[in-house]
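Each remark here refers to the structure printed beneath this line.
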Amino acid sequence: MSFQVIDWVIVILFFGVLLSIGFISSRNAGKSSANFFLSGRNMPWWILGISMVATTFANDTPNLVTDMVRTQGVASNWLWWAFLLTGMLTVFVYAKLWNRSKVMTDNEFYEIRYSGKTAAFLRGFRSIYLGLFFNVIVIAGSSLAVIKMAGVMLGVQPLPALIVSSVAILFYSTLGGLKSILWTDLFQFSFAMGGAVVAAVLVVQSPEIDGLSNLFNHPNVAGKLKFIPSLSQPDLFLSIFLIPLAVQWWAAWYPGAEPGGGGHIVQRMLSAKNENHAVGATFMFNLFHYALRPWPWIIVALASLIIFPDIKSMIDAFPEINSHYVKNDLAYYAMLKKFLPAGVLGLVVASLFAAYMSTVASLLNWGSSYLVNDFYVRFYNSNATERQKVGFGRISTISLMVCSLVLALAMQNALQLFNYILMIGAGTGLIYILRWFWWRINAYSELSAMIAAGSFSLIFIIYENFKLLQLNSGSIMFFGFEIPVTYWNVIKFVSVVVLTTVSWIIVTFITQPVKEQTLRSFYSKIRPGGPGWQSVIRKAKADGIELVKEKDLRWDVPTGILCMVFGCIFIYSILFSTGYFLYGQLNISLLLASIALISLFFLIRLWRKLTIF
């Protein structure tokens, strides 16, 4: 289907409503940096939870899921489903700790947890590394999806599509800061989710697919439906299921799924009214992110295997698209273009723009908060007025957008970016989990972990890209051994995790610990509890100092971990109950729904025991 007048009208109306919401909600945003970056720290849990999930509902996410499903089946989604464990740990252990910190950004954490010039350097370095370089890469990944969507569905060249959407994003994100972003996220998420569901329904009902039963029984699809890879394929079982569940979720840093929380997720926690709202928002995010969103994308991805069984079939169908961009992830947009009628096509295109804009606006505001609070104010102009802070934030927001667009024009596919990000963050996750509960970790620990993970990952990436490895029939010759590519991916990931972990543990014990006064101040403010702080508490008592009151000594992390377990069972059960229902296997679906209800019952009972209530 080609884009009709009614489609253009819908897209234009969408942009009009979006900009109006951004403008109306921007009042008072520029009065202070706390208003601009944290919306005054008084937002309720429900809007923060929706904003979290809207931010991770990027328009490149359907592309990523489509790429995974087409190449390795539904089970390959464990590469990101495994991050639910990280999410639930953040909900029940770390959300309240972040809210207690009252920092402006999670980088500011470094100078309340660590001491000395190394802590200051780490804060400044991460503000540039994450806020500028890394953030630009992630935004570019989303922008790449806009390029593909505009080319397939609108017949528009990459640059005009990026410029129009970027101008709209910059309008409300620079005008109203986080408050405008939160309210536009509410509108955009509803639009994006509705568009995804409508698209899946129409694709399934098309004559070429002819219902779910025909879809799932088609020979191109039948072998892609398993939720867990078969043991008869040990390479896939290991690489896309066992390693993500056993290692990846706690060992790897990934935007939106940082072990212990981080980035824009922490920004929302810090914007909450109190600890309860921070926890509630984060739980809502994980429920929507893992249980609600995936199936419309998966359905379209599976259907694409019938219509476009390989990349060549897409190149033949869309000869006007530069073959540089035609990868498996393009199949999602190809399906929408083929099956959606006029009017609906405009609705779905607007929903994809909504997903893109909500993600990029949040990332721009988050990255700008790093550059303002943790670089400009901390190291360049410590006496900056609130007006200067907001002004620099707006300038940095525009700069980040421009850099991202330039990079997007050189990228190829979403799965490539996903794998690179996982590698670069491999091995750093454990330190982000333990730094709250083990006093001995210091700034050198984190700095060495970042350097080690980046260096070891880069060695492997360069080794592959410059073809120092010989690829033969899906295998790699490595030091005289022929290793299947899927095993090689596991070997390099686990190797980086082990090498990075060993590196930062060694550095921790050969460097000086954090100053005693800093440790005491941190413990008094955050009240993390646990055996990892006992030596600090004992030394303080010996000096006649009581760090916390007796009532605050109870350590509720074990209860939080039990909540994490039942929370994961609850959400996974909903996810797979929905899947089996769609597959037509009602008995298994009802069984999993029952397990979800039982786990929710125990979760609520345990949740009430936490000190946040």
Side-chain angles (χ1 to χ4, degrees), residues 1-4 6-7 9-11 13-14 53-54 57-70 73-74 77 145 149 152-154 187-218 220-222 224-225 227 287-309 317 329-356 574-586 589 593:
M1 294 292 294
S2 59
F3 227 59
Q4 304 295 320
I6 183 63
D7 298 309
V9 169
I10 291 172
V11 171
L13 284 174
F14 162 76
V53 74
F57 197 147
N59 62 319
D60 60 337
T61 313
N63 299 38
L64 174 64
V65 170
T66 300
D67 203 336
M68 289 177 172
V69 171
R70 285 176 62 87
V74 173
N77 283 281
M149 177 186 71
V152 172
M153 304 183 74
L154 304 179
F187 168 68
Q188 289 168 318
F189 174 71
S190 303
F191 218 84
M193 195 68 228
V197 172
V198 168
V201 170
L202 291 179
V203 165
V204 169
Q205 290 178 346
S206 67
E208 291 89 339
I209 304 301
D210 194 25
L212 288 173
S213 179
N214 286 334
L215 170 63
F216 297 139
N217 288 303
H218 193 280
N220 289 5
V221 174
K224 303 280 188 179
L225 298 178
F227 293 144
L287 177 62
F288 279 34
H289 181 59
Y290 294 99
L292 179 65
R293 297 190 316 171
W295 280 108
W297 302 332
I298 292 172
I299 294 298
V300 175
L302 291 170
S304 74
L305 290 166
I306 299 174
I307 308 302
F308 303 106
D329 59 344
L330 189 76
Y332 186 80
Y333 296 142
M335 292 293 290
L336 303 187
K337 178 66 177 292
K338 181 174 178 63
F339 289 110
L340 301 188
V344 176
L345 185 61
L347 172 70
V348 172
V349 168
S351 75
L352 292 169
F353 272 116
Y356 169 68
I574 294 175
L575 172 66
F576 298 125
S577 175
T578 304
Y580 279 114
F581 177 80
L582 293 171
Y583 287 178
Q585 300 181 37
L586 298 184
S589 177

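Note that OG1 of Thr578 and OH of Tyr580 are 12.5 Å apart. Values are rounded to the nearest 0.5 Å. Leu582 CG to Ile299 CD1: the interatomic distance, rounded to the nearest 0.5 Å, is 5.0 Å. The CD1 atom of Ile209 sits 5.0 Å away from the CE atom of Met335 when rounded to the nearest 0.5 Å.
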*Could you check Leu347 against Leu340 for side-chain contact (heavy atoms from CB on, under 4.5 Å), going step by step and ending with a plain yes or no?*
CA-CA 10 Å; Leu347 172 70; Leu340 301 188; over 6 Å; no

Open item on the list: Could you go through Asn63 and Trp297, starting from their C-alpha distance and side-chain angles, then the distance that decides it, and tell me whether this counts as side-chain contact (heavy atoms from CB on, under 4.5 Å)?
Closed with: CA-CA 9 Å; Asn63 299 38; Trp297 302 332; over 6 Å; no

Stepwise side-chain contact (heavy atoms from CB on, under 4.5 Å) check, Tyr290 with Ile574
CA-CA 9 Å; Tyr290 294 99; Ile574 294 175; over 6 Å; no

Self-check item: Stepwise side-chain contact (heavy atoms from CB on, under 4.5 Å) check, Phe339 with Gln205
Solution: CA-CA 10 Å; Phe339 289 110; Gln205 290 178 346; over 6 Å; no

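When all heavy atoms of Ala301 and Arg70 are compared, the pair lying nearest together is O-CG, 4.1 Å. Nearest heavy atoms, Met193 versus Leu292: CE-O, 3.7 Å. Contact record, Leu305 with Lys224: CD1-CG, 3.8 Å, taken as the closest heavy-atom pair. Residue Val197 comes nearest to Pro296 through the heavy atom pair CG2-CG, 4.0 Å, listed as atom of the first residue, atom of the second, then distance. When all heavy atoms are compared, the tightest approach of Gly195 to Val348 is O-CG2, 3.7 Å. Taking both residues in full, the closest heavy atoms of Ala342 and Asp7 are given as C-OD1, 3.6 Å, listed atom of the first, atom of the second, then distance.
Side-chain contact between Val349 and Leu336 is absent, with no heavy-atom pair separated by less than 4.5 Å. Taking 4.5 Å as the limit, every side-chain heavy atom of Val65 sits out of range of all side-chain heavy atoms of Val300. Put simply, the side chain of Glu208 does not reach to within 4.5 Å of the side chain of Ile306, judged on heavy atoms. Side-chain contact check for Val69 versus Ser304: every heavy-atom pair is 4.5 Å or farther apart. Looking at heavy atoms from C-beta onward, Val53 lies out of side-chain contact with Leu287 at the 4.5 angstrom threshold. Contact check for Leu215 versus Val203: no side-chain heavy atoms found under the 4.5 Å cut-off.
Inspection of the Tyr332 and Asp67 side chains reveals no N or O donor paired with an N or O acceptor under 3.5 Å.
Around atom CZ of Phe581, no more than 12 heavy atoms belonging to other residues, nucleotides or ligands sit under 6.0 Å away.
The aromatic rings of Trp295 and Tyr583 sit perpendicular to each other, their planes meeting at more than 60°, with 30° as the lower class boundary.
The backbone N or O of Pro62 sits less than 3.5 Å from a side-chain atom of Thr66, completing a donor-acceptor pair.
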